[in-house]
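A short write-up of the structure that comes next.
Because the structure is a prediction, the values reported are computed rather than measured.
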Amino acid sequence: MTSDSSPVSTVSALPQPPADAAHSNSQVRFKSEGGRLLLMLPPEGESEFAVSWGDLWQQLKQRLSAGDRFWQPNTSVHLIARDRLLDVRQLQSIDEALAQEQLCLKRVYTSRRQTAVAAATVGFSVEQHTPVAHLNAPAEATGQALAEPLYVETTVRSGMEIRHPGTVVVLGDVNPGGSIVADGDIVVWGTLRGVAHAGASGNPRCLIMALRLEPTQLRIGEQLARAPEKPPEQFYPEVAYVASEGIRITRSADFSKLRLLAPDA
């Protein structure tokens, strides 16, 4: 697949997680917001207000069994994990508890890389965001360091999305209907057939790389491209990058970052 950019289409922005609550509200709670059901966990913390996993689990069970529930069966749940460190077993326990009440855990918001990896491994859509304390940067700051790369070993299935404020490396495939949105590069050690948006914060110098590139849509910075209607006869590891005429794709063996610095690249 060595085609140039093709017709552009739009990608709608996803909702951002709500702001942190004060320590005085450090309890498991459900909240309806914008037609979504949010499950909000207390922050990890190290103060007297810290809530252990055991206490958190008991609070969740109590809330689910309470008589003041305001959701309908089969409602999707967005888990606001904040800075809590949750492993695969704990996320599965939360999912199973919700399922018993006919609720479906769909998306996990977290500021912890370990929690993001665990959520992606289980198969949930995940968005790793910057901790709230880092959002108070001086207004004159023009550049921000990216988060450390997020490595996940999983298949990104249809309906699953990974969002990360840095580079995302997937050891597996990205199926049609799956999506990766990264502020840095995107590397897929497998077949990329879904949607990939690198440089999501506006950086056109980011790259998208895959062992086999058959995307539904590619986006780098503000540039958009779709795959050609006729796939190539042979596949090679390829790199997508932004040139003066838009997104271009080339074999990784022929690619050099120096081409990005050439005015006519």
NZ of Lys31 to CE of Met40: how many Å apart, nearest 0.5 Å?
-> 5.5 Å
Any side-chain heavy atom of Leu60 sitting closer than 4.5 Å to one from Ile94?
-> yes
With Leu79 as reference, evaluate Val108, Thr110, Leu38 under the side chain to side chain contact (heavy atoms under 4.5 Å, CB included) test and give the passing residue.
-> Val108
Roughly how far, to the nearest 0.5 Å, is CH2 of Trp71 from CD of Gln102?
-> 11.5 Å
Among Leu211, Asn175, Leu218, which one satisfies side chain to side chain contact (heavy atoms under 4.5 Å, CB included) with Leu192?
-> Leu218
Would you check, one step at a time, whether the test side-chain contact (heavy atoms from CB on, under 4.5 Å) holds for Glu44 with Arg82?
-> CA-CA 8 Å; Glu44 188 87 20; Arg82 312 190 198 208; over 6 Å; no
With Ile220, which of Asp185, Leu207, Ile247, Asn203 fulfils side chain to side chain contact (heavy atoms under 4.5 Å, CB included)?
-> Ile247
Ala182 to Val168 - nearest heavy-atom pair and separation | CB-CG2, 3.8 Å
Look at the side-chain heavy atoms of Ile, Leu, Val, Met, Phe, Trp and Tyr, link any pair under 4.5 Å apart, and say whether Phe255 and Met209 land in one connected group.
-> yes
Do Ser111 and Gln128 have side chains that get closer than 4.5 Å, going by heavy atoms?
-> no
In Å and rounded to the nearest 0.5 Å, what is the CG to CG distance from Leu91 to Leu86?
-> 5.0 Å
Checking Arg113 side chain against Pro149 main chain: does a donor-acceptor pair fall under 3.5 Å?
-> yes
Working for side-chain contact (heavy atoms from CB on, under 4.5 Å), residues Leu98 and Leu64 | CA-CA 8 Å; Leu98 293 171; Leu64 288 171; 4.0 Å; yes
Check for a donor-acceptor pair, side chain of Asp87 on one end and backbone N or O of Arg89 on the other, with a separation under 3.5 Å.
-> yes
Out of Leu103, Leu105, Val28, which residue meets the side chain to side chain contact (heavy atoms under 4.5 Å, CB included) rule with Leu39?
-> Val28
Closest heavy-atom pair, Ile186 versus Ala198, reported as atoms and distance to 0.1 Å, is CD1-N, 3.8 Å
Just do the side-chain contact (heavy atoms from CB on, under 4.5 Å) check on Val174 and Thr191 with the steps written out, would you?
-> CA-CA 6 Å; Val174 180; Thr191 301; over 6 Å; no
Cluster overlap Leu41 with Leu85, hydrophobic side-chain contacts below 4.5 Å = no
Are Val187 and Val170 close enough that some pair of their side-chain heavy atoms sits under 4.5 Å apart?
-> no
Would a 4.5 Å heavy-atom cut-off, applied to side chains only, mark Arg84 and Pro42 as touching?
-> yes
Heavy-atom donor-acceptor pair, Ser252 side chain to Val239 backbone, under 3.5 Å | no
Looking only at heavy atoms, what is the nearest atom pair of Ala240 and Ile249, with distance?
-> CB-CG1, 3.9 Å
Can you find a heavy atom in the side chain of Val188 that is under 4.5 Å from one in the side chain of Asp173?
-> no
With side-chain contact (heavy atoms from CB on, under 4.5 Å) as the test, would you mind laying out the steps for His78 and Tyr109 before giving the verdict?
-> CA-CA 8 Å; His78 296 246; Tyr109 295 92; 3.8 Å; yes
Neighbour count above 12 (heavy atom, 6.0 Å) for Glu153 CD = no
Counting only heavy atoms not in Glu148, do more than 12 sit closer than 6.0 Å to its CD atom?
-> no
Once you round to the nearest 0.5 Å, how far does CZ of Arg163 lie from NE2 of His197?
-> 9.0 Å
Residue pair Val126 / Ala120: nearest heavy atoms and the distance that separates them | CG1-CB, 4.2 Å
Do the side chains of Gln92 and Val122 get nearer than 4.5 Å, heavy atoms only?
-> yes
Residues Arg251 and Glu238 bridged, charged N to O under 4.0 Å = no
Separation between CD of Gln59 and OG of Ser52, rounded to the nearest 0.5 Å | 8.5 Å
Any donor-acceptor N/O pair, Ser125 side chain to Glu161 backbone, under 3.5 Å = yes
Is Val181 reachable from Phe124 through a run of I, L, V, M, F, W or Y residues, each pair having side-chain heavy atoms under 4.5 Å apart?
-> no
Minimum side-chain heavy-atom gap Phe30-Leu37 below 4.5 Å = yes
How long is the span from the CD atom in Gln62 to the CH2 atom in Trp57, to the nearest 0.5 Å?
-> 12.0 Å
Arg212, CZ: over 12 other non-hydrogen atoms inside 6.0 angstrom | yes
With no hydrogens and no angle check, is any side-chain donor or acceptor of Thr216 less than 3.5 Å from a backbone partner on Arg193?
-> yes
